[in-house]
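The structure appears right after this line, and notes come after that.
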Amino acid sequence: MTSAKSIFISYRRRNSSDITGRVYDRLVAHFSEDRVFKDVDSIPFGVNYRHHLEQEVSHCPVLLAIIDPNWLGVTDARGRLKLANPADWVRVEIETALQRDRLVIPVLVGGATLPDETVLPESLKGLAYRQSAQVRCDPDFHRDVDRLIHRIEGVFSGLALGGNVSAPPPGNFSAPSLINELATALATASQSAQSSKPSAMGRRRWLHLMGLGLLGGGAAMAVRNQVPALEPLTAGDISRAMPDLTTWPDHLQQALEHGSPVLPNRALEAPTPGEAYSYESVSVDEFGMGRSQIKFSTPAYQELSIDTLAGAIALQLVSIGGGQFVMGAPATEPGHDPSQPPQTIAAVEPFWMSIYPITQKQWRAVTMLPAVNSPLDPDPAHFKGDDLPVEQVSWQEAMEFCARLNQWIETQSSDFPLRHYRLPTEAEWEYACRAKTTTPFNTGQTLTTELANYDGTHPYRQEPAGTFRGTTTAVGGFGKANDFGLYDMHGNVLEWCGLNPNTQDTTAWRVVRGGSWKSLPQHCRSAYRAGLRADTHSPEVGFRLVAEG
């Protein structure tokens with residue numbers, strides 16, 4: 001099977017086989033043969049080769065795009081530019097890596113320069129903003145490759161694997177014989193991983209097994225949801241559009257494909273003071289089968305203790321590093337609404353965000369604080385429970401919650417570094433939800449009701465139909481966060497967003513994001529946005545906070 005620390009080499013065989021072969025040999029000598037993939041020389045019969053390539057690239061956190069001086073000008077037998085063909089293998093490989101937010105390193109060979117975005121197909125324009133590496137001929141070759149290896153090692157050192165390799169239940173699929181074969185291979189891989197010296201899997205066998213998970217082509221009906229008077233979204237409102245993508249962190253979401261079953265629901269316990277904040281994230285394929293599980297640990301965690309008559313109530317927050325991202329959904333994403341704004345490159349500054357939606361216990365604690373602008377009902381929720389998210393709270397009431405909290409903090413000592421609380425902007429919310437993913441959900445190509453609370457009776461792709469709980473669930477109850485350590489970003493309750501910077505309050509409508517316990521999966525996507533009147537009280541709507549120093 002592919003390793004969580006694998007490298008995919010994309011290159012034009014006609015132009016750069018020799019130099020690519022030398023780079024491959026150096027990488028194999030350093031990382032081992034079963035972790036470097038160069039030649040797609042065998043694809044299982046009957047498998048959609050485009051889907052197959054996409055899946056292979058998805059399992060490698062690093063893709064090296066070997067670019068020679070004639071890389072742009074390579075033509076097919078009819079004289080047509082290969083890159084202009086959406087089915088071109090090199091194009092499929094690179095655009096898949098860009099879409100999955102893999103570390104894509106353009107490796108310039110033979111004196112080539114990085115292509116300008118104006119000459120690249122739309123799906124490859126992001127390549128023009130990736131930091132490139134130059135690999136020259138001797139006497140500089142080995143020194144250049146050493147620098148390349150050092151950078152790749154830096155990426156791999158940030159990946160921490162969690163979970164055991166185990167086979168998924170074959171009942172979830174319509175092709176038992178193929179799944180049984182895959183399960184047998186997974187079990188073999190698990191036994192090998194536990195041995196002192198794992199055996200390498202042959203390239204042909206690896207390609208065949210990858211193909212087993214790609215049968216069928218999922219499709220979903222696009223849902224058009226007109227939102228009257230919804231605040232328009234423009235690049236200027238989000239943040240000044242940033243053309244340079246090289247500052248994107250190299251944090252990667254994919255790890256070992258192993259089909260691990262989802263762990264039972266559990267509530268995450270807050271770390272004790274001085275401990276790192278630890279959490280797990282998972283990703284699934286279009287069948288809803290677990291593909292990877294990654295454990296994270298970060299010291300960038302704060303806990304605000306709110307003293308009330310009923311005792312101290314904690315508000316847990318995690319730091320979100322700023323960066324650039326593509327906001328919105330492509331037109332090809334199932335559930336995409338053509339009436340929504342087009343994709344935009346947006347940038348956000350670093351901020352802190354509450355790990356969970358605000359709970360009813362936290363809401364009650366803040367309603368006991370002195371009022372700032374208006375009264376608050378201490379128990380507005382339709383579904384009752386201390387650890388359930390508060391709902392039936394209007395946008396104005398969420399703003400009053402923030403105002404009371406900020407007023408209270410001003411009266412406290414200055415020891416706590418986070419002094420101001422507010423609702424997240426849309427850009428901050430989507431950036432935090434995606435956690436560096438570019439897929440419809442931060443869990444991957446689809447969502448399951450084992451990972452989130454929504455109406456799963458209508459599958460988004462090819463996953464089995466899930467459940468409809470008909471109620472909110474305890475925050476963090478599914479036990480899996482996104483890669484930033486945030487829970488319940490998909491489903492449970494829709495979340496109010498604040499106004500975009502420098503936007504005047506001229507409309508009665510406000511934006512909600514994330515979907516609810518009642519939402520269909522397409523309405524829980526990272527890019528989904530809807531408008532509600534600011535005075536709306538709904539059992540589907542709650543909120544979470546952003547904090548600043």
Side-chain angles (χ1 to χ4, degrees), residues 7-24 36-60 62-100 102 104-130 132-135 137 203-204 206-208 210-211 214-219 245 286 326 330-334 336 342-343 438:
I7 305 162
F8 191 102
I9 301 178
S10 174
Y11 72 108
R12 292 286 183 200
R13 289 149 183 79
R14 184 191 306 176
N15 297 61
S16 52
S17 293
D18 291 344
I19 188 71
T20 300
R22 292 192 68 191
V23 172
Y24 172 80
V36 184
F37 305 99
K38 178 171 69 75
D39 288 311
V40 183
D41 53 10
S42 174
I43 294 180
F45 294 121
V47 170
N48 183 310
Y49 81 88
R50 181 184 180 91
H51 290 172
H52 189 84
L53 284 175
E54 290 174 346
Q55 193 81 344
E56 288 194 50
V57 173
S58 293
H59 297 310
C60 294
V62 175
L63 181 139
L64 305 182
I66 308 294
I67 297 177
D68 63 89
N70 195 39
W71 185 79
L72 281 171
V74 175
T75 58
D76 61 17
R78 298 183 181 181
R80 299 172 299 186
L81 288 175
K82 284 194 171 184
L83 277 183
N85 180 6
D88 175 57
W89 285 29
V90 168
R91 174 169 170 174
V92 171
E93 291 164 356
I94 297 175
E95 71 181 14
T96 298
L98 291 171
Q99 290 167 359
R100 278 61 168 182
R102 296 294 174 272
V104 178
I105 303 177
V107 179
L108 308 179
V109 300
T113 57
L114 192 63
D116 187 84
E117 69 165 337
T118 58
V119 298
L120 291 171
E122 187 67 30
S123 61
L124 298 184
K125 289 187 182 298
L127 183 66
Y129 302 111
R130 299 284 174 142
S132 61
Q134 186 180 42
V135 174
C137 295
R203 175 66 172 166
R204 187 174 296 274
W206 177 78
L207 286 166
H208 177 59
M210 290 300 97
L214 295 170
L215 300 177
L245 301 182
E286 63 182 285
V326 179
T332 55
E333 184 172 290
H336 173 262
Q343 287 185 292
T438 57

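Heads up: numbering here begins at 1 and tracks the sequence.
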Requested in this report: Step by step, work out the side-chain contact (heavy atoms from CB on, under 4.5 Å) result for Asn70 and Arg12.
Outcome: CA-CA 9 Å; Asn70 195 39; Arg12 292 286 183 200; over 6 Å; no
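- A distance of 10.5 Å separates OG1 in Thr113 from CD in Gln134, rounded to the nearest 0.5 Å.
- The two residues Gln343 and Val326 make their nearest non-hydrogen contact at NE2-CG1, 3.4 Å.
- The shortest distance between side-chain heavy atoms of Leu72 and Leu120 falls below 4.5 Å.
- Rounded to the nearest 0.5 Å, atoms CG (Asp116) and OH (Tyr129) are 7.0 Å apart.
- What you find for Gly110 and Pro69 is that their closest heavy atoms are O-CG, 3.2 Å.
- In this structure, Ile94 CD1 and Ser10 OG are separated by 4.0 Å, a value rounded to the nearest 0.5 Å.
- In this structure, Leu127 and Ile67 have side chains that are in contact, with non-hydrogen atoms separated by less than 4.5 Å.
- Counting only heavy atoms from C-beta outward, the side chains of Arg14 and Lys82 approach each other to under 4.5 Å.
- Counting non-hydrogen atoms of neighbouring residues, nucleotides and ligands closer than 6.0 angstrom, the CG atom of Asn85 exceeds 12 such neighbours.
- Shortest non-hydrogen contact noted between Val90 and Tyr11 is CG2-O, 3.6 Å.
- Side chains of Arg91 and Leu124 form a contact here, defined as non-hydrogen atoms less than 4.5 Å apart.
- Between Leu83 and Val74, the closest side-chain pair of non-hydrogen atoms is not below 4.5 Å.
- The two residues Pro115 and Ala128 come nearest to each other via the heavy atoms O-CB, 3.4 Å.
- With rounding to the nearest 0.5 Å, the separation of OG1 in Thr20 from CZ in Arg13 is 9.0 Å.
- A salt bridge is absent between Arg80 and Asp88; no separation between the charged side-chain nitrogens and carboxylate oxygens falls under 4.0 Å.
- Nearest heavy atom pair, residue Ser16 against residue Ile66, reads OG-CG2, 3.9 Å.
- The shortest non-hydrogen separation linking Ser123 to Glu95 is OG-OE1, 2.5 Å.
- Note that OG of Ser132 is 4.5 Å distant from CG of Leu108, once rounded to the nearest 0.5 Å.
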